[in-house]
Amino acid sequence: MFALVDCNNFYVSCERIFNPKLKNKPVIILSNNDGCVVALSNEAKQLNIPFGSPFFKIQDIIKKHNVFVFSSNYELYSDISFRVMNALLNFSPDIEIYSIDEAFLSFKKFKQNSLTQYCFEIKNKIKKWIGVPISIGIGKTKTLAKLSCEIAKKNPDYKGVFNINECENIEKLFKEIKVEEIWGIGQKQKDKLNKRNIYTIFDYINSDDNWLKINLTIIGLKIKYELKGDICFELNEIPQPKKSIVSSRSFGKDVSNFFELKEAISNYTTIAAEKLRAQNSVTKNISVFIATNRFKKDEPQYANIYTTKLPIATANTGTLIKYAIICLEKIFKPDYKYKKAGVMFTEIISKEKIELNLFEEKNFNDILKEEKLMNVIDKINEKYGNNTIKYLALGLNNLWKMQRNQLSKRYTTNWNEILEINC
DNA sequence: TCTGGGGTCCTAGGACCC
DNA sequence: TCTGGGGTCCTAGGACCC
């Protein structure tokens, strides 16, 4: 049996832990740069604020209904997420952390009824220990657990836990749920299915295998079997190292100046390189992209990406910044107003697998020295805060930086702010 | 004025090999 | 007139997820 644990309105719930005033009030959380709505409390959903809507377009509703607004506080959310996941380990050692606010658990020796009871216990304990409300869905496969969880969230009668195995009339249930509710079926697949008169889960599990495979790929076919209770997607307990790492941001203002762009790219490269080292990897490839504001239709548009192969795979911030800037020089065109830029590492391998290049002067000793330096920098920055030590290329002013005007305190990770809350 | 960021997997088609 | 068959690897782009 699988259970999917999903934190309710996660970002909002994190804010509410430290700010009881927000209870039962409409609350929204904005994306980076205070751009779009990325999380809503139930009260905010009832005001019909759409998920993903641009902040500037909903000012009227915000003012009229006194909606509380916050910038994304990822330091806080990551830390709360870590605590929730750790707490879940008390209930099953078999856990897959699926996203910042979701985890699959698997259970081997439970009887149906007792498992439902057990999940209620999990829900209550997580609320008590950490203060985050959760919903849990139970099923024979991950797809069914995910579906159950959606049902648990939508019907208050279930009080946050739904076990699809206990459903008395599964056929009736499957006839009521539309295909787009299925995990893995998006807009495009929904359109294809509807065109073939497949509208509900019931239709889906009775559709032709061959047609499904040709039109919705092997994944579409696996989903069908998962819905019928055959496991096709296993629990991935061990987090795999990332195969690609991206760091990108929209700017707080338009940027035309090459030097500012260079600063931004150097910053993003630093962030991505830190992630690379954290998983003991190196990259063979680096891409840099820049783009103007696609929403400003009346302004000249330009977007481009340049990829380069590195002579030796590396995770050295200095080397990566050097190549990132070479990439930037290839695509930079003056006189455009840039709104977004980013850095991408795509061919990532374990650092144990570095191969030396015949034509490079570096040897293994050089590489070990570089690695030691990076380790020291990472440790200092971890202890004393981001960018305590940084490359000068990152710049000192960073006028292009994103805006986070509504940021709450880093209640759990910043010592000064912890003192503040306790006082 | 103001529109996010970071991932994964799959497939088709091209290049290349014998 | 008539131009094979089978395989691998790589990449770009699409679709999906949170």
Side-chain angles (χ1 to χ4, degrees), chain A residues 4-11 28-39 49-60 62 69-74 77-78 81 96-104 142-143 146 149-150 179-193 212-223 232-233 236 239-254 268 271-272 275-276 279 284-285 287 289 291-299 305 307 309 337 339-348 402-406:
Chain A
L4 176 73
V5 174
D6 193 327
C7 301
N8 302 345
N9 323 104
F10 182 57
Y11 296 172
I28 60 168
I29 314 290
L30 303 175
S31 62
N32 277 335
N33 236 356
D34 294 343
C36 303
V37 178
V38 290
I49 301 175
F51 180 91
S53 53
F55 181 45
F56 74 91
K57 283 191 182 170
I58 54 167
Q59 294 303 320
D60 291 348
I62 302 289
V69 179
F70 292 92
S71 304
S72 294
N73 185 343
Y74 287 108
Y77 310 153
S78 310
S81 171
E96 173 188 341
I97 298 172
Y98 176 66
S99 74
I100 195 165
D101 68 335
E102 283 176 61
F104 287 102
K142 285 163 89 173
T143 306
K146 192 92 171 136
C149 192
E150 291 305 312
V179 285
E180 59 266 36
E181 309 282 314
I182 305 167
W183 182 40
I185 303 298
Q187 183 64 45
K188 294 282 153 105
Q189 311 289 46
K190 176 206 158 192
D191 291 346
K192 279 188 206 167
L193 289 162
L212 266 183
K213 189 171 178 226
I214 292 166
N215 291 279
L216 275 77
T217 79
I218 187 74
I219 301 285
L221 187 58
K222 283 183 176 174
I223 289 171
C232 299
F233 305 130
N236 303 315
Q240 298 298 311
K242 303 259 177 291
K243 295 169 184 169
S244 66
I245 291 174
V246 179
S247 175
S248 75
R249 298 280 184 282
S250 296
F251 301 132
K253 65 175 188 85
D254 290 336
Y268 304 154
I271 295 168
K275 288 186 190 169
L276 197 57
Q279 62 168 34
K284 289 193 200 175
N285 249 339
S287 306
F289 60 89
T292 51
N293 190 341
R294 65 197 161 100
F295 294 102
K296 289 188 176 167
K297 296 255 157 52
D298 48 334
E299 286 182 5
I305 179 165
T307 305
K309 266 206 163 35
K337 291 184 193 165
K339 180 64 181 168
K340 188 176 176 170
V343 173
M344 220 169 2
F345 301 151
T346 43
E347 235 181 289
I348 292 173
M402 66 178 181
Q403 301 190 1
R404 294 210 281 180
N405 293 330
Q406 326 273 347

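Just so you know, these numbers come straight off a predicted model, no measurement behind them. Residue numbering restarts at 1 for every chain, and letters A, B, ... go by the order of the sequence lines.
- Using a 4.0 Å heavy-atom criterion, one finds that Gln59(A) contacts no nucleic acid atom at all.
- Between Gly52(A) and Lys275(A), the residue whose closest nucleotide on DNA chain B is further toward the 5' end is Gly52(A).
- Rounded to whole Å, atom P of dC2(B) lies 17 Å from atom CD1 of Ile58(A).
- In this structure, Lys190(A) reaches neither bases nor backbone, as no heavy-atom distance under 4.0 Å exists between it and the strands shown.
- Using a 4.0 Å heavy-atom criterion, one finds that Ile218(A) contacts the sugar-phosphate atoms exclusively.
- Among the atoms of the strands shown, only primed sugar atoms or phosphate atoms (P, OP1, OP2) are found under 4.0 Å from some heavy atom of Ser247(A).
- Residue contacts for Lys222(A): at a heavy-atom cut-off of 4.0 Å it reaches no nucleic acid atom on any strand shown.
- Rounded to whole angstrom, the span from the CD1 atom of Ile305(A) across to the C1' atom of dA12(C) amounts to 11 Å.
- In this structure, Lys142(A) fails the cation-pi test against Phe233(A), since its NZ or CZ atom is not both closer than 6.0 Å to the six-membered ring centre and inside 45 degrees of the ring normal.
- Of the candidates dA15(C), dC17(C), dG7(B), dA15(C) carries the atom nearest the Gln189(A) side chain, counting heavy atoms from C-beta on.
- In this structure, dC18(B) forms a base pair with dG5(C), meeting either the Watson-Crick or the G-U wobble geometry with both donor-acceptor distances under 3.5 Å.
- In this structure, Ile271(A) atom CD1 and dG6(B) atom P are separated by 8 Å, rounded to whole Å.
- Candidate nucleotides dC18(C), dT3(B), dC16(C) were compared by shortest atom distance to the side chain of Lys57(A), and dT3(B) ranks first.
- Remark: C1' of dA15(C) and CG of Asn215(A) are 14 Å apart, rounded to the nearest angstrom.
- Straight-line distance from the CD atom of Glu181(A) to the C1' atom of dC17(C): 15 Å, rounded to whole Å.
- Checked against dC9(B), dT3(B), dG4(B), the side chain of Phe56(A) finds its nearest nucleotide in dT3(B).
- Atom-to-atom, CZ of Phe51(A) to P of dC17(C) comes out at 12 Å; the value is rounded to the nearest Å.
- Here Asn33(A) lies out of heavy-atom contact (under 4.0 Å) with every strand.
- Comparing atom distances between the Ile219(A) side chain and each of dC9(B), dG4(B), dG6(B) picks out dC9(B) as nearest.
- Contact between Lys340(A) and Arg249(A) at its shortest, heavy atoms only, is CG-O, 3.4 Å.
- To the nearest angstrom, P of dC10(B) lies 9 Å from CZ of Phe233(A).
- Arg249(A) has its CZ atom 15 Å from the P atom of dT3(B), to the nearest Å.
- Distance noted for atom C1' between dG4(C) and dC17(B): 15 Å (whole Å).
- More than 12 heavy atoms of other residues, nucleotides or ligands sit less than 6.0 Å from atom NZ of Lys192(A).
- With dC17(C), dC16(C), dG7(B) as the choices, the nucleotide that has an atom nearest any side-chain atom of Val246(A) turns out to be dG7(B).
- More than 12 heavy-atom neighbours from other residues, nucleotides or ligands sit within 6.0 angstrom of NZ on Lys253(A).
- Heavy atoms of Asp101(A) sit under 4.0 angstrom from primed sugar atoms or phosphate atoms, though from no base atom.
- Residue contacts for Lys146(A): at a heavy-atom cut-off of 4.0 Å it reaches the sugar-phosphate backbone alone, with no base atom in range.
- For the pair Asn405(A) and Asp34(A), the tightest heavy-atom approach, listed with the atom from each and the gap, is N-OD2, 2.8 Å.
- Contact annotation for Ile245(A): backbone-only contact, meaning every heavy-atom pair under 4.0 Å involves sugar-phosphate atoms and none involves a base.
- The side chain of Thr217(A) sits closest to dT11(B) out of dT11(B), dC18(C), dT3(B).
- Rounded to the nearest 0.5 angstrom, Ile100(A) CD1 and Tyr74(A) OH are separated by 7.5 Å.
- With the nearest nucleotide of DNA chain B identified for both Lys242(A) and Phe55(A), Phe55(A) has the one nearer the 5' end.
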